[in-house]
Structures are given as structure tokens and as C-alpha cells.
Peer 1: 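Dropping a structure here in C-alpha cells format, bear with me for questions.
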Amino acid sequence: SLLILDFGSQYSHLITRRCRELNVYCEMLPCTQKMADLDWTPKGIILSGSPYSVYDDGAPRVDPAVFEAGVPVLGICYGLQEIAWCHGGKVDPHDRREYGRADVQVVRTGDERMDRLFRDEADSVPVWMSHGDQLSKCPDNFQVIARTDSAPFAAIAHTSKPIFGIQFHAEVTHSPRGKELFSAFVDICGAQRNWTMSTFIDKEIARIREMVGPRDRVLGAISGGVDSSVAAKLMHAAIGERFHAVMVDNGVLRAGEAKQVDEMLNKHLGVNVTIVDASELFLSRLEGVEDPEKKRKIIGNTFINVFEEEAAKLEAAAEEEEAKAKAEGKEQEAKGKYEFLLQGTLYPDVIESISFKGPSATIKTHHNVGGLLENMKMKLIEPLRELFKDEVRELGKLLGIPAHLVGRHPFPGPGLAIRILGPVTRGQVAILQAADAIYIEEIRRAGHYDKISQAFAVLLPVRAVGVQGDKRTYDQVIALRAAQTTDFMTATWYDFPHQFLSHVSNRITNEVAGINRVVLDISSKPPATIEWL
Ligand code: XMP
């Protein structure tokens, strides 16, 4: 597998993506990683870009052992400059930043060892540039293998060692030949292309079994979302009965959600799940609260209370079971204690904690669910921490979770409480659940669901006048939201056909008591956010 050393570029994780797409396993570590401390030998090493200049005070420095490891090295942008810096090249601040599309001209040296990085390219390659500094002198023993009009050293190669540097960002989608370039580098490394979801399952199950041992038990919280369900099923595949999941019904779930999760995980997939109906407690604590941050806090804290109480019950039962087995002399069969807590953390959450943040790089630990771990003294187990969302979906399908469930839109932890703009009551929850169910059902029926990143209904606290039958009504308003986004940081609104909107509006106003108007949210993010609270 390949090692990616991250110097803090906003694109670093995309390098991981490109390698994964080629079925090559890779691991990203901070650039401060010492080669001597690695307990595996990479087939090749990629140095990422960085917000730094190589001559900045405190600029991140690569361990020189990288170039002595005898494996191919590819430096991207800052990575190229770092290679040059270490080999006697010269880097200058460029008088103008080069940003955007450019065409690099491939320079064929006639030496196959240097030319093989661009083996699949035409003489001119469209690429994405984003840099301030650039090389002004080629380092010793390197040759130019590509140039642009303004960058004479757009790519370089060592004359005898497999060390390459490229000034442009081959990892971004704006570099349309990026995949071919990484593919050439993978071949130079001789790395195996055998990373698939099914090999991931085997590897991860073995890792979980080794970590948990033959007796310990694992506890997990299920939200109804894709990640926790997939993590739960994987855990069940690894340790079976010794995994137990808890789903807390907080009273602000979507219509029928707790039941659906129970059906799918418990009945269909055989995972131990306890559904705890704590809706009364949550709703009583939410009474009269309008402030969104207060709602979030109450739900987060109440979740911890309920989960811990349930965990204590399960633990007590486990201890009793163990004592009984011992008394009967069946120690071998006894299951142990709940030593581990499962979390469905994904790679994008982890990036935050492994990304290089600056010269004083303290490695941040990412958030665990609302501080559960500190209180519970359990060890954390995160089987999805190497995966992107679409990989989790593929994994879920391989584990037998139905496609319509693994393809579900994300749903926030505080649930419908942040989609009810006024105070949360059972009545308000019921209105929103009914409207949301109609909206989502129609979206699925019309074939829009998989083209939208997140769609939901919002219940507004305003009242408006209407007329139904012969009666004047004074009812609430539902807003329809449908967002399209890749990273949830920015978003645009999805353009439904008018006919569809009119049909959904008719159904909601006719079928949901308490609603006489439907409006459409046509705001992008920014300036709006995806949720209304
Ligand atoms: P915004 O509204 O910030 O939402 O544009 C971006 C994404 O984050 C989700 N979201 C949350 N998820 N707890 C969560 O687990 C929260 O408090 C929360 N607030 C927003 C939102 O649904 C969207 O996917």
C-alpha cells in the first residue's frame, strides 16, 4: 500500500480518493511522521501540497529518510518544492500566483525511467494549478519532464531514482487526466490493485476480532442513519451475539423510524438491538424551548443519560450471565464485559484529526458522540474510520442492507427538533412527520431521491389564513427543502418540475391537518444553511 504524507493542503484527502479509485490501499499520515516509526513498509510515498512556503519559518519538513527508503516518491505542489529543497533546488515566491486551468507540455527525456510518469499522456496535458511559489532552479540530478509557459519546472524527475515532482494538483477533478497519472505512479510503485470492499470486510472483521478478543462485548448506539447501521452489521458479522446495539427513540425521529430500524437490523439482519422509547423524557425536557442551540444541547445530554442508563442495565445483565455461567462451571462459554463502544466515524471526520495543522501540530482527537466516551470508560472501536460515505454505502449493500436504506439522505442527531421552528410538542412532531413522509414518498416515486443530497420538510411557526370546504382556516405552513451538495459545506437547491411541486402541495394540504400552505425554499448555502435551525 501507499503512504500519503499530509502537509496540510485542502486537497490532501483527495489523493486518498484517487488511489482508492484505482483499488490501491493507502494511508494518510501527518508529514511529521518519521519513517523509522512506521511498522509497515509502503510501496510508494506521496507528498501532498501545503499552505506553507518551503522557506517559511516553521515550514513542515519531510523526514529525509523518505528519500532513502528505496521506494518511489511523488511530490505534489509543495511536495515538489520540498523534494527540490532537499536536493539543492531553488524555490522562489512567484511574482504572480498561478491559479486555475493550465496546459503543461510534456518533455520526453528519452529515458524510460523518467518518462514513465507521463507514459499515457499526449504532449499537452490539461491540469489544475494552484500555487504561489515555484521552482526557479532544477535540483541536482533531476530533469524537467513537463513545463508551462510560466512554469519551466512544472514536473521533474530524478535521473536515477524513482523520485518525481509535479507542480499541479493531479488529485482534483479539475485535472481530467489525474486518474491516469496516479495510475502510472501506482505502476511505478508496483503497488497491488486489490483494495475492494470485500477485501475490506475480511480485513476489518479480522482486525475487530483481534481487538475485541474471544470474550469481550461491544456496545453501540444506532441512530437510524446509514453509518451506524452499517457499522452495527459489520460488528455483528465479526463477533455476533457479543455485539449489542441500542437505539434511543427521542420523540423527534421521522415517522415509523424506530420500527423500521428494528425490522431491518433485528429481524432482517439478526443484530441484537434494544429500542428504548424515551420520547416522553426528551419531549418534556424540550417543552417551551425555541432556541436551536438549546434544543441541540438538551437532546445531546438527554441522549447520554438514556444511553448510559441502558448500558448499565445491559452490563448488569451481562455480569449476572457471567456469574451464572461460572457457577455452572461453563466459564469457557461465558461472554465477558462491555469493554468497547462502537462508533460509525467516517474518514472525513478523521481527516480533521490527522491533518497537519501547523508547526505546532497537535493532533486533535475528533468529537465522539456528545462526550459518551469520557463518561463510560470504554475503549473506542471505529470500523469505518478509513471510509468515505459512498464506500460505506457499498459496504452496507455487501453486508445485506437493502439499497433503499443504504442510500438514505443524512438525518441530523437532533432530528425533527431542528426542523420545527417553534417549541417542540407531540402535536407539532406529528404534523411534521406526516408532511415529511408525503414529501419523501413522492420524491422517491418520481425518481428524484438519488439525485438529491438531502430533502426534508420544515414546520414554520407562523399561521396563515386559508379556506377549506366552507370554512376559514388559520393554520401553519410547511416549507419544502431539497439540497444538492457534495460536501455539505456549500449547497444549491434542487429544481423540481412544477407539476411535482403542485402535486406534493396538494397532498400535504389535503392530508395533513393543521397545514393550509406549502412554500418552497430556494436558498443556497451560503447564505442560508441546509437546515433551518
Ligand atoms: P447545515 O444546516 O449546517 O447542515 O447546512 C449541514 C449538514 O449537517 C447536518 N446537521 C446536523 N447533524 N447534528 C447532526 O448530527 C446537528 O446538530 C446538525 N445540524 C446540521 C444537516 O442535516 C446537514 O446534513
Side-chain angles (χ1 to χ4, degrees), residues 220-232 246-254 257-258 261 282 285-286 289-304 306-307 342-352 366-373 382 384-385 388-390 392-393 406-421 424 429 432-433 435-436 439-440 443 449-460 479-494 520-533:
I222 301 293
S223 66
V226 183
D227 310 340
S228 60
S229 301
V230 172
V246 174
M247 172 155 184
V248 177
D249 182 347
N250 57 16
V252 283
L253 300 175
R254 287 167 288 197
E257 182 129 43
V261 170
F282 278 89
R285 289 191 185 173
L286 282 169
V289 179
E290 281 191 45
D291 180 77
E293 291 315 306
K294 277 196 191 134
K295 285 179 178 174
R296 282 188 169 85
K297 219 168 244 151
I298 291 171
I299 292 174
N301 290 338
T302 309
F303 174 82
I304 293 178
V306 173
F307 187 80
L342 170 72
Q343 290 205 342
T345 317
L346 300 197
Y347 191 56
D349 311 323
V350 184
I351 289 171
E352 260 295 286
H366 53 276
H367 305 287
N368 61 67
V369 178
L372 260 185
L373 203 63
E382 299 171 305
L384 311 181
R385 56 176 291 126
F388 290 98
K389 190 88 179 180
D390 53 328
V392 171
R393 292 192 159 133
V406 297
R408 279 179 107 186
H409 295 167
F411 185 66
L416 301 183
I418 57 167
R419 294 173 181 175
I420 293 170
L421 268 66
V424 179
V429 171
L432 182 54
Q433 280 179 333
D436 189 69
Y439 181 41
I440 299 300
I443 286 178
Y449 194 85
D450 292 335
K451 292 184 245 163
I452 300 170
S453 310
Q454 201 175 6
F456 52 88
V458 179
L459 181 57
L460 307 190
L480 304 178
R481 183 71 161 143
Q484 261 181 318
T485 172
T486 47
D487 57 7
F488 294 86
M489 302 296 287
T490 61
T492 53
W493 51 276
Y494 183 78
L520 178 68
D521 182 352
I522 51 165
S523 330
S524 57
K525 173 183 180 174
T529 51
I530 295 173
E531 302 287 348
W532 277 46
L533 288 183

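Just follow the structure's listing: the first ligand is 1, and inside any ligand the first atom is 1.
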Peer 1: Any N/O of Arg419 closer than 3.5 Å to an N/O of ligand 1?
Peer 2: no

Peer 1: Over 60° means perpendicular and under 30° means parallel, so classify the ring planes of Tyr347 and Phe388, tilted if in between.
Peer 2: perpendicular

Peer 1: Would you mind reporting whether Lys297 and Asn301 have side-chain heavy atoms less than 4.5 Å apart?
Peer 2: yes

Peer 1: Just which atoms of ligand 1 are under 4.0 Å from any heavy atom in Thr529?
Peer 2: 1 (P), 2 (O), 5 (O)

Peer 1: Would you say Phe303 and Asn250 make side-chain contact, with heavy atoms under 4.5 Å?
Peer 2: no

Peer 1: Taking Thr485 for its side chain and Thr490 for its backbone only, find out whether a donor-acceptor pair lies under 3.5 Å.
Peer 2: yes

Peer 1: Check each atom of ligand 1 against the heavy atoms of Gly413 and keep those under 4.0 Å away; list them by number with element.
Peer 2: 13 (N), 14 (C), 15 (O)

Peer 1: Is there a polar contact between ligand 1 and Ile530, counting only N or O atoms under 3.5 Å apart?
Peer 2: yes

Peer 1: Do the non-hydrogen side-chain atoms of Arg254 and Arg408 ever get within less than 4.5 Å of each other?
Peer 2: yes

Peer 1: In terms of residue, atom name and distance, what is the protein heavy atom nearest to atom 19 (N) of ligand 1?
Peer 2: Arg296 NH2, 2.9 Å

Peer 1: Write out the residue and atom name of the closest protein heavy atom to atom 23 (C) of ligand 1, then the distance separating them to 0.1 Å.
Peer 2: Gln454 OE1, 3.2 Å

Peer 1: Which ligand 1 atoms, with their elements, are less than 4.0 angstrom from a heavy-atom of Lys525?
Peer 2: 1 (P), 3 (O), 5 (O), 6 (C)

Peer 1: Taking the side chain as every heavy atom from C-beta outward, state whether Pro414 and Arg296 have any pair of such atoms under 4.5 Å apart.
Peer 2: yes

Peer 1: Going by distance alone, is a donor N or O of one side chain under 3.5 Å from an acceptor N or O of the other, for Arg285 and Thr302?
Peer 2: yes

Peer 1: Quick check, are the ring centers of His409 and Tyr449 under 6.0 angstrom apart?
Peer 2: yes

Peer 1: Tell me, which protein residue and heavy-atom name are nearest atom 11 (C) of ligand 1, and how many Å apart are they?
Peer 2: Pro412 CB, 3.5 Å

Peer 1: Please list the nearest protein heavy atom to atom 16 (C) of ligand 1 with its residue and the distance rounded to 0.1 Å.
Peer 2: Pro414 CD, 3.4 Å

Peer 1: Protein heavy atoms near atom 8 (O) of ligand 1, is at least one of them under 4.0 angstrom away?
Peer 2: no

Peer 1: Considering only heavy atoms, does Glu531 approach ligand 1 within less than 4.0 Å through its side chain, its backbone, both, or neither?
Peer 2: both

